[in-house]
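In the text below, chain A, chain B and the rest are named by the order of the sequence lines, each starting its count at 1.
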Amino acid sequence: MKAAVIVFPGSNCDRDMKVAIEQSLGTPAHMVWHGDSDLPDVDLIAIPGGFSYGDYLRCGAIAGNSPIMREVVKRAASGTPVLAVCNGFQIATETGMLPGALLRNANQKFICKDVDLKVVGENKRFSGAFASGQVVRFPVAHHDGNYFADDETLARLEGEGLVAFKYADANGEVSDATNINGSRNNIAGIYNEAGNILGLMPHPERLISEQLGGTDGKLFFDNLVNSLN
Amino acid sequence: MTEITKEIVAEHGLSESEYERVLEILGREPNLTELGIFSVMWSEHCSYKSSKKWLKTLPTEAPWVICGPGENAGVVDIGDGQAAIFKMESHNHPSYIEPYQGAATGVGGILRDVFTMGARPVANMNALRFGRPDHPKTRHLVSGVVSGIGGYGNCMGIPTVGGETNFHASYDGNILVNAMTVGIADTDKIFYSAAAGIGNPVVYVGSKTGRDGIHGATMASAEFDDDSEEKRPTVQVGDPFTEKLLLEACLELMATDAIVAIQDMGAAGLTSSSFEMADKGGVGIQIDLDNVPMREEGMTPYEIMLSESQERMLMILKPGREDEARAIFEKWELDFAVIGKVTDTGKMVLTMHGDIVADLPVAPLADSAPEYDRPWVKTEAPAPLKADTLPVPADLGKTLLNLMGSSEIASRKWIWEQYDHMVMGDTIQRPGGDAAVVRVHGTDKALAITTDCTPRYCYADPETGGAQAVAETWRNLTATGADPLAITDCMNFGNPERPEIMGQFVGCIAGMKAACNALDYPVVSGNVSLYNETNGTGIHPTPAIGGIGLLKQSSHMSTIAFKADGETILLVGETTDNMGQTIYLREIEGREEGAPPAINLEQERRNGDFVRASIQAGLVTASHDISDGGLAVALSEMALAGDRGATITLEDSLPAHAALFAEDQARYVITATAENAQTLLENAKKADVPLQILGTTGHNELKVTGMLAISVSDIRQVHSQWLPDLMTVPGH
Amino acid sequence: MKARVTISLKNGVLDPQGKAIAHALHGLGFDNVGEVRQGKVIELDLGDIAAADAPAEVEKMCTQLLANTVIENYEFELLD
Amino acid sequence: MKARVTISLKNGVLDPQGKAIAHALHGLGFDNVGEVRQGKVIELDLGDIAAADAPAEVEKMCTQLLANTVIENYEFELLD
Ligand SMILES: Nc1ncnc2c1ncn2[C@@H]1O[C@H](COP(=O)(O)OP(=O)(O)O)[C@@H](O)[C@H]1O
Ligand SMILES: [Mg+2]
């Protein structure tokens, strides 16, 4: 299997994403500079976190309009799996690959910490390592992770099992108290209808070894790589 | 042309005798641009005129030091052909005026200091001092500074892994914002700032120049008065996105061999960068100001030379390498302009619209910058304050809770959660411990990083305080198992023209020097910020120290958390009955008096070397140095981190409040299995290190026999809530 | 020719910034203040462009980049 | 009664956002676009307040909180 990580000016979790993918994959991931219009033929496209274009105007807006994203949208439409983390999630909503938008955190502050997430929708490719309802721990690091979608979209996401993760407590309870950023329905990550795109605010690539404080991210990437191989 | 009157000279912060010297050097009157250049070059900020004499006395050498003070940052060898490059810098005055942008551009500036030398920054730290918590401005300043630091560092994608935060009335009108950056480079790819090669192109890269912060450097060298809020000097606005591009572009160009010298444009922008490069290289530079990329129309030579626009660099390239360099900067969408060349005239010649607008000799201007031996008086050391002069509190458990929920000791989590402290994927010890630890990417080595200073000790007894600040960083690094390597400093003081303030400076330096020497722990970079004074009241002397250490094997790292139930808890070091300057005295008795805890540097070294060796030998399961609040606070912090309690028995040779809360130095709490505890006791005896068993870990309360018993969750409650409560807007 | 684009959050979209401002104003004693909403204004120098083309051009900029119509409304005026 | 406060960066103050937007617009083919500056609009419901008091009240809100007068200018209009 082959993977590509898209790098925008201002991306800053690109290396972390590469390290996490390569740890599970065993071979190098392609780093694709946004200005290159050629996207190599790959089985996984990762859009990493960071502050593409400084997050100026709106997070992900300027990156969402870049030429490389037109190519990514095309590939995604033809079924290539896309993992969009944090700024990547913001970019994916800006391009319309995923519904909704990410607003400023309700408390207005940047927030960086480990959070407990309840695994909700079933998607073998992305969360096959975990049972539905299980709690996993990934870190968040964002200023604009407050997921918004209108009622109709929200109902569709919930109804079709497209909500991937929700902010929860260690026992999997989902409540206002565990909603770290004001997201509607505590949503931390969603799938597109076809199930080949995952957008999520938390960073699985940050907890990939005991030394870094946990291995749920490693389990996530091991499963992803296996399912794509 | 503007006539240079006495008033204009005074406005530029030059004294009469300094202006005399200007006339002597030039043999004529300067024009306004030239006067502006003299004024910033000779400002306290750029020339270190009050502090140089004393800074020179600090030890700066060790076999592992590759580059000491004098360059943009200090460089130490960390083995395998790699170096750590680091420095700390102040952005105090700008942060008081506009906390968000002031703090943000402070981070931007220190990052440039580090990557200008060829390093990729891998960690940021921040040492903050605010006024008393209930001062009307404090909340606004804390909130702005913290979001500014986060705003810049988070966007750059460099983890902010720790720092320190104090609150004290002496900072009510002068907060301190000190930022530190640590980077990593290959030892054969370190870049310096000395210009060389007659005829080589002088190149400007980064953002365009605007009228930002003109006279920032002189502002940072003048005392505040009540008007200064009204004056509202131009504040620089940071653009971390552009800096991120600048970082990547510089590192890309540095991977080639096109660069002869490089220097960031910090305080006093183009002026200090060009003069420093020329002076270090013993050459002249000719610049055509028309070629400087400008953001605004109609900028004068004066404004161009004094602008403090951020995110800019000056480089000397090898001849013929311009196009290659230009291509890289254009790829990163940054300005790139050849603005001049290196000359053999020894002069800085600036032209604009075909006219010569400044013509100044480099060496005389740089070398004959004023240097003062300011009068100073020694701070008289106060007497120790004996515990038996203070009543023993009836409820020691409540006393401990008071301390754990006090401004000095309460958790700083509210701050560090606003900083991305994990990006880059190498943070293996996050904020909250003694030192942060980041792996050297792709290796099994790691760097431990800490900043420390206890200003109340420095105020009471500068020499002890200066030594203590250095020793505390050394101890914090040691507690993680790292070998301490070197320090950077940020010397924040009041008005040096007052002998008692100058005496504080001299005393702190003397203490730092003694500690550096005793601990083989040299100073490799630093920064001085004077005139932190409002209406004649100075801040507490605050020599903030940033220390780094090396863990050759990251798996040997130790943390403060109790790891398992039933482990033996041991105390390294000796406790006395001096309660002077303790947090206990301040919080419980409402007094700030007496001598700070004494420093015994031989004992410090022995105890620390013992702890480190024990950690590296795998005998220790947790370790924590004892600082603010004493033994009981250290135990509480270990219990919180490990989410488990402990049962302790203390010898009754000391009054309870001294045993629990005295702040004697060179002490650590460590834990070990019962078996290893015996080995440790034997080893300690041989090494002449005081070591005693305190008790065992376990259960969910901290219990000190006959003194107190409180649940870990009660401690957590007070410890975690203080800062969020302070920062919550009423009615929210 | 210049344009001034005003972008505001759609009704029903939570406005954390506006809410925070309202709280802060209350904290400062401005007790009467009710709802607060925060938006953006973007001032663009359109350069050499025929006045007749300007509205369509700015409209395009808004939908393509300046506003996210999932959450935002926009309006603009042309100045010269 | 309502107020609409417009906050813009003072002349000469760097506007990284505006710079990035201009750049992005060029990338999308809007080549004519010159300088872009971004500001904020804040719409406030002033609640029960005498019309005569409103200007002074809003002015106070601007200087105390809404605008950072070190780097920003503000202007406002009252609506009802
Ligand atoms: N401004 C800050 N930013 C990030 N971390 C901070 C800040 N202030 C304090 N901390 C963290 O809080 C912890 C406790 O700080 P401190 O009491 O100064 O530690 P110590 O007594 O060991 O020097 C440390 O891990 C430190 O890095
Ligand atoms: Mg410590």
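Residue with the most contacts toward chain D among C/Thr6, C/Leu25, C/Ile49: C/Leu25 (heavy-atom pairs, distance under 4.5 Å). For chain C, the option among D/Ser8, D/Gly39, D/Gly47 with the highest count of heavy-atom pairs below 4.5 Å is D/Gly39. Of the listed residues (D/Lys60, D/Glu43, D/Arg4), the greatest number of heavy-atom pairs within a distance under 4.5 Å of chain C belongs to D/Glu43.
C/Lys40 has a carboxylate O that lies under 4.0 Å from a charged side-chain N of C/Glu72, or vice versa, which qualifies the two as a salt bridge.
Inter-residue side-chain proximity for D/Met61 and C/Val33 is flagged as met; some heavy-atom pair is nearer than 4.5 Å. Between C/Val41 and D/Ile7, every side-chain heavy-atom pair lies at or beyond the 4.5 Å cut-off. Between D/Tyr74 and D/Thr63, some side-chain heavy-atom pair lies under the 4.5 Å cut-off. Contact check for D/Asp15 versus D/Gln38: side-chain heavy atoms found under the 4.5 Å cut-off.
D/Lys2 does not touch chain C: none of its heavy atoms, backbone or side chain, sits under 4.5 Å away. Contacts between D/Gln17 and chain C at a heavy-atom distance below 4.5 Å are absent for every atom of the residue.
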